[in-house]
Amino acid sequence: MVDSSGDAGPQQFQVDLRGIVDVLSHHLYSSPRVYLRELLQNAVDALEVRSRLDEGPGRGIRVTPATPFSPLVVRDDGVGLTADEMHALLATIGGTSKRGDFAGARRQLLGQFGIGLLSCFLVADTVEVRSRSARTEDADTILWVGRSEGTFSISVADEPLDSPGTEIRVYPRADDLDWCTAERTHELAAAFAEHLPITVEVDGTVVSGVTPPWDLPLEEQLEWCRERMGFDPLGIVPLDSSLGGVRGVGFVLPYTAMPGHRTGDRLYSKGMLVADSDNHVLPGWAFFCRAVIDGGDLPLTASRESFQESEALAVARERLGHVLIGELILVQAMHPHAYEEVMRLHAGGLKALALKSADMLDLLRSTMPFRTTLGDRTLDGLHAVGEEVRYVTDASVYAALEELARHSGTLVLDASGPYDAGLVAAFDPEGRLFREVTSADAADIAEVGAAPDAAAAERLVARASSALPEGVTLGVADVSPADRPVLWWPHEGVDGEPTGTRSTLLLNARHDAVRALLDASDDLDVGAAVRALHGVGMLLARVPLDGTALTRHADAVATLVRDGIDCHSRASS
Ligand SMILES: Nc1ncnc2c1ncn2[C@@H]1O[C@H](COP(=O)(O)OP(=O)(O)OP(=O)(O)O)[C@@H](O)[C@H]1O
């Protein structure tokens, strides 16, 4: 209204309920199925408040599924609502009895946003709430009828409830009846309420009160994991954060999970299902396990399908992480074989974890085997030798150097895995013990010496280099043992070119064939021989020959065979 000064006074927002329901269904809730969980949660909260007013036996929640001719009904023996409370709470979107003044009681009450009841409009156009307050003797039963187009009415109900509590009737739209049928209601109520410590019945069948997995004995936890998560866990980790009731159980996966990709956890909030597959409670590095967790007092988001990213959640996450690491340490000490299996399957993940956790690094340094040219060694084992350890970070360079190092008995550590170099740096931050080597150090690793006849070597290199593909550097050296004709190794890729685009081929001056080449007269074509030796070098470095390399090698060998036979024939004729 505009007053005489022309100013409009404060106005109330007009709310288009259909717009809000649209936002809820498309942007807040993951599925219309949540309507049942919201009704169950309201009933659980009402029972909790009632239990503080008076004690009484046999209280619970009874659900009757819908049929094409009757609504879905949720009846509870909770505290109920007076007419005034109905006016105050159900006439206002966002009206809730569960925040503000009730903060003391909030720890037990899970609502707080005052929108949960609206989720019924995801499946229905009409919702009725009949409620009889337990706060006064013989309170009237008050009826609230809400419609999805945004109207509601409140009156004294014609059919009073025979005892305090609340009865909600949801009249599903024909298209949404499927969410409220006997079968679906049973399935949903069982999923949401199975671990609630309150009796929840669907059509007379109790679906709640099932012992949660974290309280089961070990054998039954195994069975639970098999049935509900679909795998035989490698290990079971009790998860107790000792904080605000956050607890659960983790199951170690019996297969290698991709680092960085956690298979989601099953979450509950005080026994009510929150999410089937969530990735926000356990630390991201815990991808070697799947867990089922109750978040206790952790605050929920408005959709109640996850926990709020709060300080409390961050602390709980950190604690659960410590529990997981502590358990790994314990398993290593008490069940070394099981620990070995965990390491075999989850090496990548555990290494990633060690980069973030000093405790995990401590555990891995003495237990995680790393590949070296002289066999598997732990970081502590390498340290104990007291000599400088050379390591390589490029997998194909390691493959080639491995060969050379084995030959010379040199120790080289394979640090080409995704987290290896980081771990080496974390283990030896000042770089006192470990030194990264590259293909440039290959000759040193192979312990090659200078060719005895430098001039002959130079002449051979000058004559033969053009026979080799571009990028191959040819050399002649003194290599042990004498029966190895060549050494070949790829160079790490620089400026984006793939590793191996450039390489080194060293002819062993001690080998008969190479000596023959060194002694050959200048007019002899050494191209085929050097090309064949190049192929041999790659094969000895265990690099598969394919494409042009294979053709080149085959042609070179064929040429040598033909020349050899020709030569032999000429000699014998
Ligand atoms: N079964 C019930 N028994 C008693 N009171 C109820 C019941 N259902 C709803 N109410 C009252 O209606 C209010 C609004 O309910 P609604 O589900 O919309 O929001 P909420 O539960 O408070 O919060 P949230 O949005 O987090 O669910 C509640 O705070 C509660 O006071």
Side-chain angles (χ1 to χ4, degrees), residues 15 17 20-21 23-25 27-29 34-53 59-64 72-103 105-122 124 127-136 139 141-146 148 152 154 157 161 163-170 189 192-193 196 198 200 269-270 272 274 295 297-308:
V15 174
L17 192 59
I20 291 190
V21 171
V23 170
L24 296 185
S25 65
H27 303 289
L28 188 66
Y29 297 121
V34 297
Y35 85 92
L36 188 60
R37 192 207 43 213
E38 293 298 317
L39 291 178
L40 292 172
Q41 189 61 62
N42 280 345
V44 169
D45 289 346
L47 280 160
E48 168 63 30
V49 177
R50 173 104 190 254
S51 71
R52 281 187 240 138
L53 275 186
R59 289 179 187 164
I61 304 168
R62 295 169 293 286
V63 183
T64 310
L72 174 129
V73 183
V74 177
R75 170 72 159 102
D76 67 61
D77 303 308
V79 67
L81 292 165
T82 62
D84 285 349
E85 286 168 337
M86 271 214 187
H87 277 283
L89 297 169
L90 301 189
T92 311
I93 290 171
T96 176
S97 59
K98 303 171 192 171
R99 66 166 105 87
D101 299 344
F102 292 78
R106 266 261 330 125
R107 283 172 70 81
Q108 298 304 323
L109 307 181
L110 288 186
Q112 61 172 321
F113 299 102
I115 55 167
L117 207 53
L118 294 182
S119 65
C120 293
F121 292 122
L122 299 181
V127 177
E128 292 175 1
V129 178
R130 279 179 181 70
S131 196
R132 181 175 148 186
S133 175
R135 293 183 197 274
T136 51
T141 298
I142 312 295
L143 169 65
W144 174 92
V145 183
S148 59
F152 70 91
I154 295 178
L161 296 179
S163 59
T166 301
E167 181 185 277
I168 316 261
R169 295 186 187 179
V170 177
F192 291 133
L196 283 178
I198 280 172
V200 179
S269 178
K270 300 210 167 104
M272 181 75 83
V274 170
D297 289 334
L298 289 179
L300 289 157
T301 57
S303 70
R304 248 197 274 282
E305 294 185 280
S306 57
F307 292 107
Q308 288 175 29

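We count residues from 1, following the sequence as given. Everything quoted here is computed from the prediction, not taken from an experiment. One-based numbering, in listed order, for ligands and for the atoms of each.
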Is there a polar contact, in the sense of an N or O pair closer than 3.5 Å, between [X] and ligand 1?
X	result
G116	yes
D45	no
L117	yes

- Task: Check each of L89, L81, L300, I61 against atom 10 (N) of ligand 1 and report the one with the nearest heavy atom.
- Result: L81

- Are a donor atom and an acceptor atom from the side chains of D45 and Q41 found within less than 3.5 Å of each other? yes

- If we number the atoms of ligand 1 from 1 as shown, the ones under 4.0 Å from a heavy atom of L90 are 12 (O)

Would you say the side chain of [Y] lies within less than 4.5 Å of the side chain of [X], judging by non-hydrogen atoms?
X	Y	value
I61	L47	yes
L39	V63	no
N42	T166	no
T64	E167	no

Using a 4.0 Å heavy-atom cut-off, say whether [X] meets ligand 1 through its side chain, its backbone, both or neither.
X	result
E38	side chain
L118	neither
I115	both
V129	neither
T166	side chain
L39	neither

- Partner of E128 by side chain to side chain contact (heavy atoms under 4.5 Å, CB included), out of I168, V170, L143: L143

- Message: Tell me whether D76 is salt-bridged to R59, with the criterion being a basic N under 4.0 Å from an acidic carboxylate O.
- Response: no

- May I ask whether R304 places a heavy atom under 4.0 Å from ligand 1? yes

- Looking only at heavy atoms, which two atoms of D77 and R50 are closest? And how far apart? O-NH1, 2.9 Å

